[in-house]
Amino acid sequence: MPATSKYLPPRGGNSFDWENDHSFIKVGAEDSGGAYTLVEDNLKATFALGLHMHRTHAETFYILDGSVDFYVEDAWITAEVGACLHIPPMVPHAARVTPGLASAKMLMIFQPAGFDQFLIELSKMDDADFADEAKMADLNARYDILPLGPLPD
């Protein structure tokens, strides 16, 4: 663990403004000694993440604003402000901003750390990289992301 504390103001941290969300790394692998990554994710109305799972890491989501629909254990649930969802390894899941909303905001904890490095690598890619199936498969494998299909009905 680092020997010093870390303060970030609102909207502080390494920032990634994507088409469907705007993420801020609040605590990265280097800050937590590899134990976890904490991300503030500002979801745009178009945010939707297809069905996937992680073999070795867990995710915890805490809703700060709006609501997010999660598909977990073969059912959709709506997580509203103040709700917390923990997804252990090997549990397939998907997510989207609740239809009809303009946005949502959540904190995400990834344990162990590593998702911050995934975001950093994604930020360095161009359209050709994203279209390269082998490159994307390698990236997903290195960061424990196993795509399982599109957003479920």
### Query
Side chains of E73 and H93: is there a donor and an acceptor less than 3.5 Å apart?
no
### Euclidean distance, E121 CD relative to Q117 CD, rounded to 0.5 Å
7.5 Å
### Query
Charged N to carboxylate O under 4.0 angstrom, K44 versus E19?
no
### Query
So, W76 side chain and A95 main chain: donor-acceptor pair closer than 3.5 Å or not?
no
### Task
Locate the shortest heavy-atom distance separating M53 from V91; write the atom from each residue and the value.
CB-O, 3.7 Å
### Query
Out of curiosity, does L64 fall in the hydrophobic cluster containing L38 (side-chain heavy atoms, cut-off under 4.5 Å, transitive links)?
yes
### Task
Spell out, as yes or no, whether a donor-acceptor pair under 3.5 Å connects the side chain of D138 to the backbone of K135.
no
### Task
Check whether any side-chain heavy atom of S123 sits under 4.5 Å from a side-chain heavy atom of W18, and report yes or no.
yes
### Task
Report yes if some heavy atom in the side chain of M136 is under 4.5 Å from a heavy atom in the side chain of D132; otherwise report no.
no
### For G82 against Y62, the heavy-atom pair lying closest together
O-CE1, 3.4 Å
### Message
So does T37 get a backbone contact from the side chain of K26, meaning a donor-acceptor N/O pair under 3.5 Å?
### Response
no
### Query
I25 and F115: side chain to side chain contact (heavy atoms under 4.5 Å, CB included), yes or no, with the steps?
CA-CA 9 Å; I25 298 172; F115 192 73; over 6 Å; no
### Query
What is the minimum heavy-atom distance between T60 and C84, and which atoms define it?
CG2-SG, 3.7 Å
### Message
I need the minimum non-hydrogen distance between I63 and M106, along with the two atoms involved.
### Response
CD1-CB, 3.9 Å
### Side-chain touch E59/M108, heavy atoms, less than 4.5 angstrom
no
### Message
How long is the straight-line distance from CD of E133 back to CG of N140, given to the nearest 0.5 Å?
### Response
11.5 Å
### Query
Taking everything shown except D127 itself, do over 12 heavy atoms lie less than 6.0 Å from its CG?
no
### Message
By the ring-ring contact (aromatic ring centres under 6.0 Å, His included) test, which pairs, at least two apart or in different chains, include something from residues 126-153?
### Response
F118-Y143
### Query
If Ile, Leu, Val, Met, Phe, Trp and Tyr residues are connected whenever their side-chain heavy atoms lie under 4.5 Å apart, and connections chain through other members, are V97 and F61 in the same group?
yes
### Message
Is there a path of hydrophobic side-chain contacts, each under 4.5 Å between heavy atoms, that joins L8 and L119?
### Response
no
### Message
If you define the side chain from C-beta out and look only at heavy atoms, does anything of N14 sit under 4.5 Å from I120?
### Response
yes
### Task
Test salt bridge (Lys or Arg N to Asp or Glu O under 4.0 Å) on D144 and R55 and set out the steps.
CA-CA 6 Å; D144 189 31; R55 289 186 177 100; 5.3 Å; no
### Message
Applying ring pair (Phe, Tyr, Trp, His ring centres under 6.0 Å) to F110 and Y36, what does each step give before you reach the verdict?
### Response
CA-CA 5 Å; F110 300 88; Y36 68 95; over 10 Å; no
#### Entry: side chain to side chain contact (heavy atoms under 4.5 Å, CB included) between I77 and V72, intermediate numbers included
CA-CA 8 Å; I77 59 171; V72 62; 4.1 Å; yes
### Query
Hey, quick one: are I109 and V68 part of the same hydrophobic cluster, counting side-chain heavy atoms closer than 4.5 Å, chains of contacts allowed?
no
### Task
Could you walk me through whether H22 and E40 pass the side-chain hydrogen bond (donor to acceptor under 3.5 Å, both in side chains) test, one step at a time?
CA-CA 8 Å; H22 189 169; E40 175 191 324; over 6 Å; no
### Task
Would you mind reporting whether F24 and N42 have side-chain heavy atoms less than 4.5 Å apart?
yes
### Query
Just by distance, do the side chain of T98 and the backbone of S67 share a donor-acceptor pair under 3.5 Å?
yes
## Note on the structure
Of all heavy-atom pairs linking D116 and G28, the shortest is OD2-CA, 3.3 Å
### Message
According to a hydrophobic-cluster definition based on side-chain heavy atoms being under 4.5 Å apart (Ile, Leu, Val, Met, Phe, Trp, Tyr only), do L51 and L85 belong together?
### Response
no
#### Entry: Which atom of T56 lies closest to which atom of P112, heavy atoms considered
O-CD, 3.9 Å
### Message
Would you compute the distance between atom CG of L49 and atom OH of Y71 and round it to the nearest 0.5 angstrom?
### Response
14.5 Å
### Query
What's the spacing between L151 CG and H52 NE2 if we round to 0.5 Å?
11.0 Å
### Query
Is the shortest heavy-atom distance from the side chain of L122 to the side chain of L139 under 4.5 Å?
yes
### Query
Hey, are D21 and K105 close enough for a salt bridge, meaning a charged N less than 4.0 Å from a carboxylate O?
no
### Query
Where the side chain of D41 meets the backbone of L43, is there a donor-acceptor pair that is under 3.5 Å apart?
no
